[in-house]
Structures are given as structure tokens and as C-alpha cells.
Colleague: 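Submitted below is the structure of interest, expressed as C-alpha cells.
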Amino acid sequence: MSDGATSCVSHIPVAALASVGVLGALTAAPAAAYRTLADVEGSAAPIVWQEPAGVAFLPHAGMSAAERALVEAELAAAIQVWGSLSCSAPMLRSSRRDAATVHIGFVDDWAARGLAPDAAGATDLALTTRPDGSVAITGAAVHLNTAFEWGAHPQEGLGGFRDLRALLVHELGHVLGLAHPCELEEPALSCTPDDEETTMHPIYRGPEQATLSTDDVAGVCALYPALGAALVDPVEEAHRCAGDEDCATGRWCVEGKCERDLRFGSDCERPSTCLGDRCLAGLGGGTCTYVCAADDECPAGTRCARVGGADERVCAPRSATCSASPGGSGTAPWGLLGLPLLLCLRRRRAPAALLAVGLLAGCGGEMPGLDAGPGDAGERVDAAEALDAGALDGAPRDAAGSDAGVDAGPERCDSPGATRLAPCGFCGMGSEECTATGHWELISACLGQGECRAGEVEREDLGLCGEQQRICLTTCEWTPWETTAPSDGECTPGDLRRHEASCAAGLAEEQRCDDRCRWETTSACSDPCGGTARTSPMEQEEVCIPGGPFVRGSERSLFATPIAEVHVSSFYIDRYPVTNDRYRACVDAGHCFRPTGTANVRSYDTPTRGRYPFQGAPHPWAARFCAWDGGRRLPTEAEWEKAARGPAPRAPHYLWDGDEFRCDLIPGGNCPGSPSLAANTAAFAIDALPGARSYYGTYLQLGGAFEWTADYFDRDYYADPASLVDPQGPPPPASGSLLYVLRGAPADRLPSVRLDLAYPLGVPSRERRTAGDVLDAPVGIRCARSVP
């Protein structure tokens with residue numbers, strides 16, 4: 001759920017229907033809890049689409065392919081929410097942009113459209129009066145406010161983000177002709193707590209608004225009733241589905257309805273638990289099946305047969321006994337030598353066609369092959385291959401019953417039709433039949449297999465040159481893991497770093513991790529910037545960032561593509577973010593102003609937080625501080641990113657190598673077991689996280705606060721060829737708000753996401769904010785200066 005309430009407004013163009021303005025406070029509520037556009041207009045007939053409407057997303061020119069794909073996926077999901085009800089005819093469908101009658105897009109000129117700044121979405125409807133006097137919807141446009149940070153459904157614990165799917169579901173309700181059922185400022189339509197459950201509530205409520213309530217279902221089904229369908233109980237409707245993915249764990253989609261695991265291949269203990277009231281007996285229970293008339297009605301790997309003396313036929317493997325409901329056939333064990341059926345595949349949502357039925361039985365006929373699974377071309381594969389992943393090769397067996405490892409081809413036999421039990425796979429047993437060609441052939445699943453092939457050795461890299469291994473015993477079981485080389489290295493081979501411990505103040509040496517996971521020095525101590533870095537006091541230390549290329553951007557971050565190598569000249573940057581004490585000195589000198597925002601002021605005025613990152617200066621104040629602090633400036637966003645990522649070809653998403661967030665280095669607010677972090681408040685002193693230093697030795701470029709840069713924000717700037725050498729940022733926009741780039745992230749947002757799990761916040765992530773918009777936002781300062 002997003003922070004705060006955000007209103008949704010819906011417009012109907014004046015040219016189309018002059019008497020209707022913003023959907024809301026025009027008429028009294030009807031008897032039904034839902035309201036429609038016809039209720040708002042006072043129309044005697046419904047105002048609806050006459051034909052299904054095509055819906056398309058219109059992306060910004062600068063949006064990446066990943067961003068467009070994500071929005072389109074959320075739009076498709078929102079369309080499905082309204083179109084998956086059996087009581088309603090689906091009236092929305094995804095469409096190409098050039099064929100769409102409903103367009104979805106993000107807009108920047110929100111105020112110019114006469115929309116309130118806190119409105120998250122707006123819908124324009126085009127209406128046409130037909131010859132009979134009724135009014136029909138003929139077009140629509142849905143606008144989303146770019147002032148908000150939009151996220152994918154579902155999102156939890158991400159304050160300040162708006163759920164994209166939830167708002168799209170709401171706006172598409174307007175597109176279909178539904179209005180707000182209540183209004184906040186209209187006494188006759190005042191909202192109650194019960195109203196808040198509806199998707200069409202006038203205030204955006206976050207993720208829960210993406211699920212239709214009883215009233216939402218009743219409204220759309222009344223507007224677009226399915227042919228011959230009556231309104232259904234919305235509780236029952238919640239169990240309707242188009243596929244297994246629409247059902248909760250433990251349920252399948254059977255004939256459009258979510259049912260318990262009762263389809264063919266589901267475990268059963270008695271016939272009444274199966275949809276078809278048929279339960280095939282087996283090991284530790286049985287499996288559900290269907291009544292059939294012919295083999296082609298049954299899943300692959302089974303046949304339609306009478307089993308156990310039953311009068312009817314069911315889908316079953318050979319020699320099975322059917323347990324029927326009262327009045328049907330009886331129950332008896334099945335299989336040769338009293339060995340029962342073993343179901344080798346029981347996992348939920350595995351394709352029924354891959355149900356592997358293995359019989360330790362000698363039977364006549366030929367066992368059908370198993371379907372290779374969804375997405376194949378109907379080909380059939382050997383049953384053993386499907387179950388054993390190619391482990392059966394027909395090789396002779398050694399004394400232990402495992403594969404001898406030499407493929408001598410199928411073993412010959414002299415009695416076609418004869419059966420036997422034989423070792424197979426990983427110390428397993430299966431039923432073999434002598435074929436007409438005189439070879440033994442496996443005709444059942446390989447049962448009772450172990451974990452591995454005898455004698456196999458498996459090794460695993462433990463990192464830092466550590467290794468462990470395990471060996472497969474003759475019983476086809478793994479031994480416990482044994483460490484063969486301890487993880488006593490210092491680094492990962494190929495890593496680079498600048499190391500200062502053995503150098504004089506302000507100098508560093510280049511080091512590279514060798515194949516033994518040890519650091520080796522590759523250059524002498526030096527200051528590549530050619531000047532003198534500030535080294536005291538500690539809070540004011542600078543770091544030299546040598547000139548050269550770095551990798552800018554990431555597919556995992558918003559507005560951070562295309563990825564490219566960017567050359568940046570040498571510069572100095574603060575090792576630490578500006579502290580409360582450091583900023584207070586500027587205030588005491590009469591040059592700076594006290595911070596804004598309650599939380600920021602509280603942190604600033606707390607004596608024990610003097611060495612915590614300062615937060616709460618608008619962009620002009622931040623630049624003013626840097627100028628006062630030694631004639632310096634805010635870093636460009638390219639300088640900030642190079643300081644955090646290091647030189648090319650390094651391209652870490654965080655401050656360390658690897659793309660996984662490490663809670664042991666930055667105990668972020670969303671880390672399991674992490675301490676509770678106050679929102680929008682610096683969580684750590686500036687030198688509290690030494691493990692999260694950057695390649696160049698800067699601190700808290702993640703885990704401190706968002707930090708101002710000198711650059712204006714332009715989502716398309718990375719595509720500008722002029723941004724590849726010492727980029728100074730784009731020019732200010734000709735119109736609209738001046739947005740500046742923020743980099744970094746505070747600890748309470750880590751690990752976190754932008755639009756979905758594919759967009760975690762990290763060093764390449766770009767945020768934006770207007771110059772004066774800080775209030776209680778966690779926005780801090782880090783200064784830089786050019787080399788002499």
C-alpha cells in the first residue's frame with residue numbers, strides 16, 4: 001500500500017457531453033452500491049461500449065524496452081481483472097497502438113490539463129449519441145501522473161511508491177463506464193468504511209485496489225452481462241480462473257473454476273475426493289482419474305481400459321484396479337507380485353501429461369510413451385528418458401547393480417514377451433520386457449532410484465579459493481560435503497582496488513586479486529589527481545578519483561540505459577557525506593540555513609548525531625554549502641557514479657562485486673532480522689559500515705541518504721552522444737519543473753525496488769526531485785572539486 005491517499009479523477013470531454021464534468025458529485029447514489037456513468041448523467045439507458053475496446057500503452061520515447069515491457073505486462077494483468085468474470089462479457093482487450101480505441105500513457109503536463117497535483121490518474125471518455133437517443137462510449141484515454149514513483153503489483157513496504165496495476169484497474173473501471181460509488185465532499189454520496197473496499201473508491205488505496213470487490217463485480221456484470229449468465233455470488237466468482245496460475249496454492253483451474261487438487265494425477269484416499277469419483281489404488285493411497293470411452297480421451301502415458309472388473313472404463317495404466325464411488329467397482333491392490341503403483345510426479349501445477357506411472361508388472365501390450373510436456377510439438381519420448389533425464393543407457397551392470405559405465409547396447413533375450421525385474425538408473429529397479437527384436441527394453445518407470453551415479457564426484461566453489469566435494473557411494477547416495485580447500489583467500493580473482501593502508505596520507509596503490517585469491521600490488525603509491533587531497537579532519541577527507549572510463553548505467557535501474565563507457569577527468573570527492581556537525585559550522589558562520597522537515601531537524605539538533613549524514617537542504621542550499629566549504633561544488637552524476645562503481649570494466653550494481661544485495665554489509669531496512677530503521681532518518685554514522693566502502697574508498701554512497709548532484713534530470717540523457725566525455729548534464733528544460741538528479745539510497749530503502757524486482761535500488765539508480773522538494777525526504781550532500 002502506498003504512503004498517503006492519492007486521489008483519482010476522471011474526465012469526460014466537454015465536447016462529447018457538455019453537462020458532465022469530473023466524475024463524482026453530480027447525482028445521488030442509486031440503490032446499488034456501485035455507480036455507473038449513466039447514473040452520473042441521469043441516463044435511462046446504460047452508457048457502455050457497443051463493441052470490445054482495444055487497449056494499448058503509449059510509451060515515452062525515452063523509455064527502455066524493459067520499462068515498456070513492464071508497463072504492458074501490468075496493463076495486461078489489469079485488463080484480465082475486468083475480463084475474467086464468467087458473469088460478464090469481456091469488453092477490453094490488449095491491442096496494437098494503431099488499432100486501439102483506449103490509450104494509456106504517462107503525462108508530464110499534469111497542471112496544464114487542469115488536474116490537481118495529488119491526482120494519480122485521470123480518464124477521458126469520448127461519447128457519441130446514437131440515433132435512438134442513447135449514448136455510447138467510443139474512445140478513451142487514461143493518463144498517469146509522472147510526479148509519482150510508479151511500482152508493479154504487488155509491492156509491500158515501499159513508502160512513496162504507487163501501485164501501477166491497482167491504478168490501471170481503477171481507471172479501466174471508468175473506461176468500462178463505472179463511476180466512483182461515493183464522494184468525499186458530497187453529503188449525499190459520502191464514503192463509508194465499507195466503500196473503501198471497492199476498486200472504484202475515489203481515493204487511490206494501493207495494491208488491494210487491484211482486486212475487485214463484490215460491488216465492482218456486480219457493476220461490470222450489470223453493464224456487460226455474459227450471454228445467458230446471471231449475476232453470481234462474488235465469493236464464488238473469486239474461485240473462477242483462466243489457468244492454474246489464477247488459483248491459490250492447493251487448487252487447480254478445472255473447467256474455469258478453482259478446485260482442490262482433484263484433477264487426474266492428484267493424490268486421493270477415497271473416491272469421493274476425486275472430480276470423477278474414481279480413485280486408482282496405489283502406494284500409500286491412490287490417484288484420481290476420469291471415466292473415458294477411448295484412449296484419445298486420456299492423458300499421455302495411460303489408456304482407456306476396464307480395470308478391476310468394472311463395467312465402465314477409466315484412464316489408467318495397465319493392470320490397475322479402480323476404486324469407485326458407492327455402487328461402483330471394488331478396490332484391490334494392483335501390480336505384479338503385490339507391488340503397487342508408484343506416482344513419480346506429484347508436484348502441484350506440473351503438467352498432467354507428465355504424470356509418470358511406473359508398474360512393476362508383467363503385462364501384455366505396449367506401454368504408451370509420455371508426452372514431453374507443454375510447448376512441445378506433440379512428440380513422444382521414451383518413458384525412462386522422461387523420468388530419468390537420460391540416465392538409462394542400456395549398459396551392463398556391475399556387481400553393485402549400478403551402471404558399469406560402458407555402453408554395450410541393449411542386452412539380448414530369447415523369449416519375446418517375457419518380463420523381468422532389472423536394475424536401472426541410479427541403483428533403481430524397473431520392469432523390462434523381451435521385445436520382438438530380441439532385446440530387453442524397459443517398460444516401466446525406474447523405481448526406487450538413489451541420488452547419483454556410483455563413483456561420481458561433485459565439487460562446489462565456496463568462494464575466496466575455497467572448495468568442497470562429495471562422492472557418490474555404490475548405494476547411489478552422496479557422502480556429506482567435505483572441505484578440500486578452505487575459503488581463506490582475501491578476494492575474488494580479477495578484482496581491482498585502490499589500497500591506502502601502506503601509503504602516505506592522500507596516496508593509494510592499485511592492487512589486483514591474483515589466482516590464489518591474494519592481493520598483489522600493480523602500481524606504486526600515488527595521487528593520480530596531481531594535487532593534494534584534503535586529509536583532515538577525518539570528516540572532511542577527500543578521495544582522488546583518477547581520470548579514465550567507467551561503465552555508466554544498468555538494465556537493472558530505471559532511466560539508466562543505454563549502458564556505455566563514459567570518460568571522466570580526474571576529480572576529488574568527499575570520502576564521507578557531509579555530517580550534521582560539518583553543516584552546522586556553515587550555519588553558525590551565517591552562510592547556511594537550518595534544515596527543513598521535522599525528522600531532519602530532529603536529527604540535526606540531536607547532540608549524539610553530530611557524525612551522522614546531514615539531511616534536509618534544498619538543492620540551492622547544498623550548492624551554497626559546497627561553495628562555502630573550500631570553494632567546491634556538487635558532483636556531476638557521472639562523477640558520483642564513477643566514485644561508487646570504480647573504473648571500467650567494473651560494473652557492480654552495489655558497492656561490491658556481484659549483483660546480490662548483502663545485508664551483512666548494509667543492514668538495510670528490508671533485510672531479515674535487521675533493526676527497525678526510522679523512515680527518512682540517517683541510520684548510521686558516516687564510518688559505521690567499512691565493509692560497504694566503494695572501490696575508491698568512499699563511504700555511504702549507499703546506506704546514507706539520497707545525495708544531490710549538479711545535473712538536471714532528463715530520462716533520455718544517456719542516449720545523447722555528448723554525454724560520453726566529461727558529461728555536465730543536460731540543459732535545463734524549456735518548460736515544466738526543474739528536476740535535479742539524486743543518487744544513492746538511504747538504508748531504510750535497501751534492499752528495495754523501483755518498478756519491480758528487476759529494478760533494485762543501487763549505485764546506477766537515478767532518482768529525481770525538484771530543487772526545493774526536500775521536507776522530510778532523506779536528501780543529503782557530498783561535495784566535489786576539479787583538479788588544479
Side-chain angles (χ1 to χ4, degrees), residues 490-492 494-513 519 521-536 538-554 565-578 613 632-658 662 665-666 686-704 707 709 726-727 743-745 762-765 780-787:
E490 301 172 341
C491 50
T492 301
D495 283 359
L496 303 173
R497 74 172 183 180
R498 284 181 56 79
H499 190 58
E500 304 161 349
S502 58
C503 297
L507 305 181
E509 59 186 11
E510 295 283 345
Q511 293 186 335
R512 179 182 181 279
C513 191
W519 288 111
T521 300
T522 58
S523 72
C525 297
S526 64
D527 181 349
C529 291
T532 302
R534 187 162 60 184
T535 58
S536 64
M538 184 270 283
E539 293 88 346
Q540 298 183 29
E541 286 184 18
E542 292 178 322
V543 175
C544 166
I545 309 298
F550 79 100
V551 177
R552 181 183 67 184
S554 170
E565 283 197 2
V566 175
H567 185 279
V568 175
S569 298
S570 299
F571 64 98
Y572 292 102
I573 194 169
D574 284 343
R575 184 182 301 278
Y576 306 101
V578 173
R632 300 183 309 140
R633 56 178 174 79
L634 292 172
T636 66
E637 66 163 319
E639 290 174 334
W640 191 100
E641 186 171 345
K642 180 173 182 178
R645 302 189 90 173
R650 288 174 50 86
H653 189 79
Y654 299 105
L655 296 170
W656 47 85
D657 289 326
R662 292 187 56 180
L665 299 183
I666 302 179
I686 57 172
D687 57 349
L689 302 176
R693 292 189 307 170
S694 74
Y695 168 87
Y696 290 113
T698 58
Y699 281 71
L700 290 188
Q701 287 196 263
L702 286 180
E707 296 179 357
T709 70
D726 283 330
R743 301 303 294 262
V763 291
S765 300
I781 309 171
R782 188 184 302 263
C783 301
R785 66 182 173 97
S786 304
V787 299

Colleague: So, using ring-ring contact (aromatic ring centres under 6.0 Å, His included) as the criterion, who are the partners of Y654 when residues are at least two apart?
Modeller: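 For Y654 the ring-ring contact (aromatic ring centres under 6.0 Å, His included) partners, ignoring immediate neighbours, are W656, F661.
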
Colleague: Are any of the side-chain heavy atoms of F550 and E641 separated by less than 4.5 Å?
Modeller: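 Touching, per the 4.5 Å side-chain cut-off.
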
Colleague: Rounded at 0.5 Å granularity, tell me how far OH in Y572 sits from SG in C544.
Modeller: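 SG of C544 is found 5.0 Å from OH of Y572.
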
Colleague: Excluding sequence neighbours, so at least two apart, what forms side-chain contact (heavy atoms from CB on, under 4.5 Å) with L689?
Modeller: I666, P667, F684, A692, L700

Colleague: Who pairs with E637 by salt bridge (charged side-chain N to carboxylate O under 4.0 Å, His left out), at least two apart in sequence or on another chain?
Modeller: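 Scan of E637 (salt bridge (charged side-chain N to carboxylate O under 4.0 Å, His left out), adjacent residues dropped) gives R743, R766.
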
Colleague: Please enumerate all residues that pass ring-ring contact (aromatic ring centres under 6.0 Å, His included) together with Y696, with sequence neighbours excluded.
Modeller: none

Colleague: Quick one: list whatever passes side chain to side chain donor-acceptor pair (under 3.5 Å) with T709, sequence neighbours left out.
Modeller: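 Side chain to side chain donor-acceptor pair (under 3.5 Å) check on T709 returns nothing, list empty.
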
Colleague: What residues form a side-chain contact (heavy atoms from CB on, under 4.5 Å) with A643, not counting sequence neighbours?
Modeller: I545, I573, Q701

Colleague: Check side chain to side chain donor-acceptor pair (under 3.5 Å) between D657 and all other residues, then give those that pass, not counting sequence neighbours.
Modeller: R650

Colleague: For the side chain to side chain contact (heavy atoms under 4.5 Å, CB included) test, which of E639, E707, R575 pairs with R782?
Modeller: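 Exactly one pass, corresponding to E707.
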
Colleague: Any pair with a residue in residues 686-698 that passes salt bridge (charged side-chain N to carboxylate O under 4.0 Å, His left out), sequence neighbours left out, goes on the list, sorted by first then second residue, please.
Modeller: R611-D687

Colleague: Which residues satisfy the side chain to side chain donor-acceptor pair (under 3.5 Å) test with T492, sequence neighbours excluded?
Modeller: none

Colleague: Going by side chain to side chain donor-acceptor pair (under 3.5 Å), name the residues that satisfy it together with T532, two or more places apart in sequence or in a different chain.
Modeller: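 Once residues adjacent in sequence are excluded, T532 has no partner under the side chain to side chain donor-acceptor pair (under 3.5 Å) criterion.
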
Colleague: Please list, chain by chain and in numerical order, all residues satisfying salt bridge (charged side-chain N to carboxylate O under 4.0 Å, His left out) with R632, sequence neighbours excluded.
Modeller: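 Scan of R632 (salt bridge (charged side-chain N to carboxylate O under 4.0 Å, His left out), adjacent residues dropped) gives E542, D574, D629.
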
Colleague: Is P690 close to Y699 at the side-chain level, that is, under 4.5 Å between some pair of heavy atoms?
Modeller: yes

Colleague: Checking S523 now: which residues fulfil side-chain contact (heavy atoms from CB on, under 4.5 Å) with it, not counting sequence neighbours?
Modeller: E510

